[in-house]
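A quick write-up on the structure given underneath.
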2 protein chains.
Amino acid sequence: MIEYSGQPHYLVAVDCIVFGFDGEHLKVLLVKRGLEPEINKWSLIGGFVGPDETPDDAANRVLKKNTGLTGIYLEQLQIYGEPTRDPIERTLSVGYFALIDINKYQTQINDDFHAEWFLINERPKLIFDHDTMIADARKKLRYKAALHPILFEMLPKKFTIPQLHILFEEVNDTKIDTRNFSRKITSTGLLEKLEEKDRLGSKKGAFYFKLDKKKYHANFQKFLNLLPNEKS
Amino acid sequence: MIEYSGQPHYLVAVDCIVFGFDGEHLKVLLVKRGLEPEINKWSLIGGFVGPDETPDDAANRVLKKNTGLTGIYLEQLQIYGEPTRDPIERTLSVGYFALIDINKYQTQINDDFHAEWFLINERPKLIFDHDTMIADARKKLRYKAALHPILFEMLPKKFTIPQLHILFEEVNDTKIDTRNFSRKITSTGLLEKLEEKDRLGSKKGAFYFKLDKKKYHANFQKFLNLLPNEKS
DNA sequence: CCAAAAGTGTTTCATTTACACCCATGA
DNA sequence: TCATGGGTGTAAATGAAACACTTTTGG
């Protein structure tokens, strides 16, 4: 029988950076690690890739297990392969970032799986290279969000432009003119204005919008220009 | 001793899609596979990840071995992890795409390592999922080339705007107005005009330019708009 | 002198920015 | 009525696209 004799074998894992938005701040979902080493320390949601699944499958599986959610927006970040990144045994990890609506399944998340949301800038120190992963994920989130309408994935079905505006500012850590922002967003043609207004945020109230899913998916690869251009 | 008992271990490989440009067409570098299975079939340049190297290290190593070149532009594409993608044994492969100046080391490539350049659209059928990898790499190359000046990596130190123009058309499989193109490229401020002209391509001759490396690296993350916008 | 490619000029149109100002409403 | 955020109007600046036209030079 043919074999790749003598080649080394490694463990392969996935780790997911799960982003959420509470209406004010960007958050990340962390879990208390359940196995040695570093048991009970905070870490990203992850797990080993099983024999009959792809890394994508594994990421979806661990996400479902830890959040109860399926069909989450999930994107491969990169592979993390430093030989000594896991002190016990060489493990390569495929990093993913996921965007979810934090309101949607908050109960399940916290009660069933001992996961917890942290403000992105006030999180505990994480195991291994997970802090690097989060930094990389934030960078990629910014990059993609400037060109593609992915941030909608973090909002509820009904949302207002001011909510979206705060989210954009939060992700990009910058101030954006509200007036131009609302025009830019609506001019993408991806939003459907609803009758209803949100009256909690202000006296005047802000109209709710929902995503036009068809146009969203059809235009996903197009380059949008969702951020103000830097002046040099 | 602590261990991740019972978790499966896999082989981990890298595969590189190496792009080059011969002045007219986009090409890809392939090698005749030297081990079973599928020995002597054409495949991407690849190899297993060694115990003391990261996947990035491994990619650079196999590139050096097969091209003689170091310092090649290299970017991680994604992981390929279908359980049965390698019929002998489960192997996950990290895909990379590389951009090189085809003129630079053509001799070494062909004589020392039995690698060969193929027109991207007239290549032999490749082993495993390597055709999928090439398709993905082309897509990503287009995406990045529309926003960042990476195509310069495929040209010699001195190049003309018409050469660059052909390369852009080739990569994007589209016609681009030469007049607007040259203005767009020069307006990035990344090019330095040289005294010398290339007189081979035309009677009038086209000025050579070279990259301003400092500005190139400083502006690499900025979003440029290097392609004409589609009209809808 | 002519053909052919390089590259500049110019007009038109679209997008982006900056910011004045109006709107709606709860307290 | 007034403070507060939501949202529209608008003018100026910038950028992109279309395309006429000039330049250069080998044959």
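To find a chain, count down the sequence lines: A is the first, B the second, and so on, and within it residues start at 1.
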### Strand-adjacent residues in residues 164-201 of chain A, judged by heavy atoms under 4.0 Å from DNA chain D
Arg179(A), Arg183(A)
### Task
Report the distance from atom OH of Tyr208(B) to atom P of dA6(C), rounded to the nearest whole Å.
12 Å
### Message
From NZ of Lys204(B) over to C1' of dC21(D), roughly how many Å is that when rounded to an integer?
### Response
11 Å
### Query
At under 4.0 Å, does any side-chain N or O of Asn225(A) touch on OP1 or OP2 of dT16(C)?
yes
## Note on the structure
Separation of dG5(D) atom P from Ile161(A) atom CD1, nearest Å, is 18 Å
### Query
For Asn121(A), which residues count as a side chain to side chain donor-acceptor pair (under 3.5 Å) partner, sequence neighbours excluded?
Arg138(A)
Return all side-chain donor-acceptor pairs below 3.5 angstrom for residues 203-210 of chain B, not counting sequence neighbours, or 'none' if the list is empty.
none

### Task
Please determine if Asp198(B) and Lys158(B) form a salt bridge, counting it only when a charged side-chain N lies under 4.0 Å from a carboxylate O.
no
### Message
Using whole Å, what does the distance between atom P of nucleotide dA6(C) and atom CZ of Phe209(B) come to?
### Response
12 Å
### Query
Who passes side chain to side chain donor-acceptor pair (under 3.5 Å) against Glu82(A), sequence neighbours left out?
none
### Query
Which residues pass the ring pair (Phe, Tyr, Trp, His ring centres under 6.0 Å) test with Phe152(A), sequence neighbours left out?
Phe159(A)
### Message
Using the side-chain contact (heavy atoms from CB on, under 4.5 Å) criterion, which residues pair with Phe223(A)? Sequence neighbours excluded.
### Response
Leu147(A), His148(A), Tyr143(B), Ala146(B), Leu147(B)
